[in-house]
2 protein chains.
Amino acid sequence: MVEDPTSLSIGQVAERTGLSIHALRFYEQEGLFVNAVRRGAGGRRVYDQDDVDWLTVCIILRASGMPLTVLRRYTDLVREGGDNAEERLALMREHQERVTSQISRLTESLDLIKFKVGVYEDLVDQGDAAAEQCHGSSLT
Amino acid sequence: MVEDPTSLSIGQVAERTGLSIHALRFYEQEGLFVNAVRRGAGGRRVYDQDDVDWLTVCIILRASGMPLTVLRRYTDLVREGGDNAEERLALMREHQERVTSQISRLTESLDLIKFKVGVYEDLVDQGDAAAEQCHGSSLT
DNA sequence: CTAGGAACTAGAGTCCCCTCTAGATCAACC
DNA sequence: GGTTGATCTAGAGGGGACTCTAGTTCCTAG
């Protein structure tokens with residue numbers, strides 16, 4: 001194999017991005033690459049660093065809850081080019097809002113969770129104390 | 001219907017919790033109620049405020065990403081009673097960790113998203129400026 | 001009495017996001 | 001030339017969490 005240092009096999013991309021090989025093919029099928037994935041010897045996919053960079057963005061957007069359909073729309077806009085910044089802006093702002101509200105929802109939930117943890121810590125402490133005083137009693 | 005103020009129909013519970021009637025039946029089927037749901041005239045489900053309170057907890061835990069299987073395990077522990085506080089504590093602590101790390105992942109993602117929003121804001125501004133100078137040109 | 005609306009059951013369907021299978025092909029090394 | 005290991009395609013499978021359907025039953029009001 002002619003070792004073009006800028007070209008990567010699907011396995012290498014999987015390794016670098018943490019996505020599975022299956023997922024990479026799936027993403028391609030779903031139109032989530034800005035540039036069509038080239039093919040090398042024997043029809044094998046050839047990626048480059050730009051693809052990895054783009055996937056990194058995709059992974060972050062996915063991790064923050066962007067559905068594939070939206071990610072795909074975004075990819076389309078990026079592929080399409082420069083004169084649709086408003087749309088990309090709108091899409092990103094919408095996503096930003098979703099993420100911030102998700103963070104605040106989680107933060108609120110965390111209050112309850114912390115409260116529950118506190119309650120059970122107390123219960124466990126009481127349980128231990130009771131056990132010391134009175135072996136094996138299950139008062140609580 | 002004898003209006004017992006403490007007993008609620010499935011429709012009332014759906015209204016108060018925001019869960020759908022379908023979801024309530026589904027949750028019951030999945031064992032997510034601490035106390036078996038009683039049945040009234042004609043086999044209809046009868047709930048009370050405790051059920052609503054419990055569902056409120058469930059909703060918060062679900063909203064913070066607890067899978068139904070874990071929620072079910074937790075429900076089992078609560079149903080079982082007082083001498084398993086350690087297990088409940090462990091479960092809640094684990095969930096707490098998941099939630100805190102999810103929050104930090106989201107917060108990290110938010111950095112990229114904000115950056116992108118900034119980039120597109122600039123692009124849009126430039127676009128507007130360019131459009132003022134030179135009607136309809138698409139330089140970017 | 002009848003109509004309307006709410007609830008019942010069992011089970012199928014949906015949506016999302018992959019993941020895996022099967023069987024074929026290809027490249028590289030010994 | 002043969003084996004090994006990576007890759008290919010098309011399509012099926014799976015898990016999570018509901019959601020909906022169909023057909024029926026029941027309560028309440030008019």
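Just so it is clear, the structure is predicted and the values come from calculations on it, not from any experiment.
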S.K.: With a 4.0 Å cutoff (strictly under), does any side-chain N or O of A/R45 reach OP1 or OP2 of D/dT9?
M.R.: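 Answer is yes, contact under 4.0 Å.
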
S.K.: Who pairs with A/Y120 by ring pair (Phe, Tyr, Trp, His ring centres under 6.0 Å), at least two apart in sequence or on another chain?
M.R.: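 A/Y120: no ring pair (Phe, Tyr, Trp, His ring centres under 6.0 Å) contacts found.
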
S.K.: To the nearest Å, give me how far apart CZ (A/R38) and P (D/dT7) are.
M.R.: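 Taking CZ of A/R38 and P of D/dT7, I get 16 Å after rounding.
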
S.K.: Using every non-hydrogen atom in the two residues, find where B/R98 and B/P67 come nearest and quote the distance to one decimal.
M.R.: NH2-CD, 4.3 Å

S.K.: Send over the distance from A/I21 CD1 to C/dC20 P, rounded to a whole Å.
M.R.: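 Answer to the nearest Å: 12 Å.
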
S.K.: Could you note down all residue pairs passing ring-ring contact (aromatic ring centres under 6.0 Å, His included) where residues 11-30 of chain B supplies at least one of them, sequence neighbours left out?
M.R.: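 Not a single pair qualifies under ring-ring contact (aromatic ring centres under 6.0 Å, His included).
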
S.K.: Does anything in residues 31-54 of chain B pair up under salt bridge (charged side-chain N to carboxylate O under 4.0 Å, His left out), and if so which pairs, sequence neighbours excluded?
M.R.: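 Only B/E28-B/R39, B/E28-B/R45, B/R38-B/D48 qualify under salt bridge (charged side-chain N to carboxylate O under 4.0 Å, His left out).
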
S.K.: Would you list the pairs meeting ring-ring contact (aromatic ring centres under 6.0 Å, His included) in which at least one residue belongs to residues 88-116 of chain B, sequence neighbours left out?
M.R.: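 Qualifying pairs: none.
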
S.K.: Where along nucleotides 10-18 of chain D does protein come under 4.0 Å, by heavy atom, of base (B) or sugar-phosphate alone (S), with - for untouched nucleotides?
M.R.: -------SB

S.K.: What I want to check is whether an N or O donor and acceptor connect the side chain of A/R44 with the base of C/dA27 at under 3.5 Å.
M.R.: no

S.K.: Tell me which nucleotide among D/dC8, D/dC27, C/dC8 gets nearest to the side chain of B/A41.
M.R.: D/dC27

S.K.: Is it true that atom CD of A/E15 has more than 12 heavy atoms of other residues, nucleotides or ligands lying nearer than 6.0 Å?
M.R.: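 Atom CD in A/E15 is not packed in, count stays at 12 or less.
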
S.K.: Atom CG of A/L24 and atom C1' of C/dC20: how far apart are they, to the nearest Å?
M.R.: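 So the CG-C1' distance, A/L24 to C/dC20, works out to 15 Å.
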
S.K.: What is the distance, to the nearest angstrom, from the CG atom on A/L71 to the P atom on C/dC16?
M.R.: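 Nearest whole value for this atom pair: 14 Å.
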
S.K.: Could you tell me the separation between the CD atom of A/Q12 and the C1' atom of D/dT7, rounded to a whole number of Å?
M.R.: 13 Å

S.K.: How long is the line joining CD1 of B/I10 and P of C/dG5, in whole Å?
M.R.: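 Taking CD1 of B/I10 and P of C/dG5, I get 19 Å after rounding.
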
S.K.: Expressed in angstrom and rounded to an integer, what is the separation of A/R39 atom CZ from D/dC8 atom P?
M.R.: 6 Å

S.K.: Does anything in residues 28-55 of chain B form a ring-ring contact (aromatic ring centres under 6.0 Å, His included)? List the pairs, not counting sequence neighbours.
M.R.: B/F33-B/Y47, B/W54-B/Y74

S.K.: How long is the line joining CD of A/E30 and P of C/dT19, in whole Å?
M.R.: 13 Å

